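As C-alpha cells, the structure follows; a few thoughts come after it.
Sequence lines set the chain letters: A, B, ... in the order given, protein chains first and strands last, and positions in each chain run from 1. None of these values were measured; they are calculated from a predicted model.
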Amino acid sequence: MNTTSNNIFSLDVSYVKQFQNQLLTWYSENKRSLPWRENQDPYRVWVSEIMLQQTRVDTVIPYFNRFTELFPTLQDLAYADEEKVLKAWEGLGYYSRVRNLQTAVKEVCESYGGKVPDTPKEISGLKGVGPYTAGAVLSIAYGVPEPAVDGNVMRVLSRILLIEEDISKPKTRLIFEKAVRELISHEDPSSFNQGLMELGAIICTPKSPACLLCPMRELCRGFESGRQRELPVKLGKTKVRKAKMVAGVLMSEDGHVLIHKRPSEGLLANMWEFPNTEYVGENKLAEISALESYVEEQVNYEVTLEEKAGYIEHVFSHLKWEIHIWQGKINSMAEDGLLPDDWKWVSVDELDAYPFPVSHQKIIRLIKEALIG
DNA sequence: AACCCGTGGTT
DNA sequence: TAACCAAGGGT
C-alpha cells in the first residue's frame, strides 16, 4: 500500500479506486447532454474536439449542429469546397483548425480507407491532431485508455494532486499525462476523461471553485491545504501589439465592392477582407496615402478616397487592430481581365457568400447600414 | 522554447 | 476596463 519514492503523486491502489468511483459516479449523474454526445461516431467526436479547442461549449453548439448538417460524414467534408468549409467556420476563429481538419480528413480517406485511425501513432500523424485531441478522440470514440490533457485537466489535477509546476510551460503537460495514466479507468476511459473536463467546466472552475459541491473534495490535496485558489500556477505574460490599419470600401460605378482573399498562411489565412494595410503616422493624410499606394501596388487601380466611413477596433489574442475605414471610388481601372485571382468585384448582396473574419464583418455591417440609412 | 493563431464571455 | 480565460496546435 505504501507509496514508492519514485512515484511523485503517491497514488496507492485505494486512492486510485476512490478517485475513479467518485469521478465516474458524479459524471454519470451530472453530465450535460451535448450534440456530440449523441453517439460515438469518431468523425463527429473529432469535429467537436477541433471546434472546442480554446472555444467555449456554448459557442460551439450551434456551429457543430450546422457543420455536421452541412458535412454529415467524413467523406462529405473531404470532398467539400474549401470556401464552403471556411464559410461554415466563419466567426469561430482559429481558421487554420478547419483547414487542417479538411486536410486530415482527406488523408483518412486516402490512407485509412475513410476510417478514423484508432492508434495513438496514426491519429497523431494527422494535421491538427495534437496530444490532447489524439487522446480525446481515442478515448471517447474508441475507448482507448489514453490521457486527454487540456486546460481543465491541468487545473483539476493541479488542485487535487497539488501539482505546482507552471502549466504555461509545454513540458508540464507530460507530468499531467503521467498522472492520468496512473488514474484513468480502463473500464471507461471515455467517461473518465470527459468527467475530468466536465468537473473543470462545472465545479472546479478557474476563479471560484465550488469545492463544497465537489465529489472529489475528500481526495483533494489542494482543498485539504486550503490552496485550491492558488492553483494551477500559470506564469508568463501576454503582450498585445497595437496596429494602426486603414481599410477601404471601394465602389465601382455599377455598385460593386472590391474585396481580397488573404494568403494561404498566417493570420486569417484564406479569409476574405476589404483592401487594407498597416500604416504609420497620426493624421488622415497618412491613412489616405497608405491605402492609396497599397491598392495601386496590388491591383494597379487609382483610387479617390472620399470620406471617413468609420473606425473599428478588433482585439485578437496577440494583436489589436485599430481600423480606420474610408469610402472611395476607383478612378482608372486596369483592363478588366487583369484583376488577380485573389481580388474580386462583388455586389453587396454577394458578400454573404464569402467567409469574412469578424473584424471585416463589422465593415460589412457599416456598408449595409449606410445603404439602408 | 517562444511565438503565432480568433473570438466572445467574465471578472 | 484591461486582463484573463476557454475541450490547443503549428512552426
Pairs counted as Watson-Crick or G-U wobble with both distances under 3.5 Å: what dot-bracket string results for DNA chain B, using | for bases tied to another strand? .||||.|||||

Describe the nucleic acid contact of A/Lys171 in one word from base, sugar-phosphate, nothing, applying a heavy-atom distance below 4.0 Å. sugar-phosphate

Using the P atom as the point on both nucleotides, what is the distance between C/dG9 and B/dG8, in whole Å? 22 Å

Taking transitive links into account, so neighbours of neighbours count too, which hydrophobic residues share a cluster with A/Val233 at under 4.5 Å side-chain distance? A/Leu162, A/Leu231, A/Leu235

Given the C1' atoms of C/dA7 and B/dA2, what is the spacing between them in whole Å? 24 Å

Which residue pairs pass the ring-ring contact (aromatic ring centres under 6.0 Å, His included) test with at least one member in residues 138-161 of chain A, sequence neighbours excluded? none

Residue set satisfying salt bridge (charged side-chain N to carboxylate O under 4.0 Å, His left out) with A/Arg97, at least two apart, ordered chain then number -> none

Looking at A/Lys17, I want to see if its NZ is surrounded by more than 12 non-hydrogen atoms of other residues, nucleotides or ligands under 6.0 Å. no

Heavy-atom count around A/Lys308 NZ within 6.0 Å, excluding the residue itself: above 12? yes

Does the protein touch nucleotides 2-11 of chain C at the base, only the backbone, or not at all? Give it as B, S and - per nucleotide, heavy atoms under 4.0 Å. --SBBBBSS-

Contacts satisfying ring-ring contact (aromatic ring centres under 6.0 Å, His included) that involve residues 225-266 of chain A (not counting sequence neighbours) are A/His260-A/Trp343

Residue whose closest nucleotide on DNA chain B lies nearer the 5' end, A/Leu267 versus A/Ser208: A/Leu267

Could you tell me whether A/Arg159 sits above the aromatic face of A/Phe176, with NZ or CZ closer than 6.0 angstrom to the six-membered ring centre and within 45 degrees of the axis? no

Linked hydrophobic residues, A/Tyr79 as query - side chain contacts closer than 4.5 Å: none

Could you list the residues that satisfy ring-ring contact (aromatic ring centres under 6.0 Å, His included) with A/Tyr294, not counting sequence neighbours? none

Selection residues 46-69 of chain A - residue pairs positive for ring-ring contact (aromatic ring centres under 6.0 Å, His included), sequence neighbours left out: A/Trp36-A/Phe64, A/Phe67-A/Phe71, A/Phe67-A/Trp89

Before accepting this row, confirm whether a basic side-chain N of the pair A/Asp352/A/Lys368 lies closer than 4.0 Å to the acidic partner's carboxylate O. yes

Please give me every residue in residues 59-87 of chain A whose heavy atoms get under 4.0 Å of an atom in DNA chain B, ordered by residue number. none

Sequence neighbours left out, what passes salt bridge (charged side-chain N to carboxylate O under 4.0 Å, His left out) with A/Glu198? Give chain and number order. A/Arg32, A/Arg37

Using the C1' atoms only, state how far C/dA6 lies from B/dC5, rounded to an integer number of Å. 15 Å

Inspect the contact between A/Glu83 and A/Lys87 and indicate whether a charged nitrogen and a carboxylate oxygen are less than 4.0 angstrom apart. no

With a strict under 4.0 Å distance from non-hydrogen atoms of chain A, what nucleotide opens and what nucleotide closes the contacted stretch of DNA chain B, reading 5' to 3'? B/dA1 to B/dG8

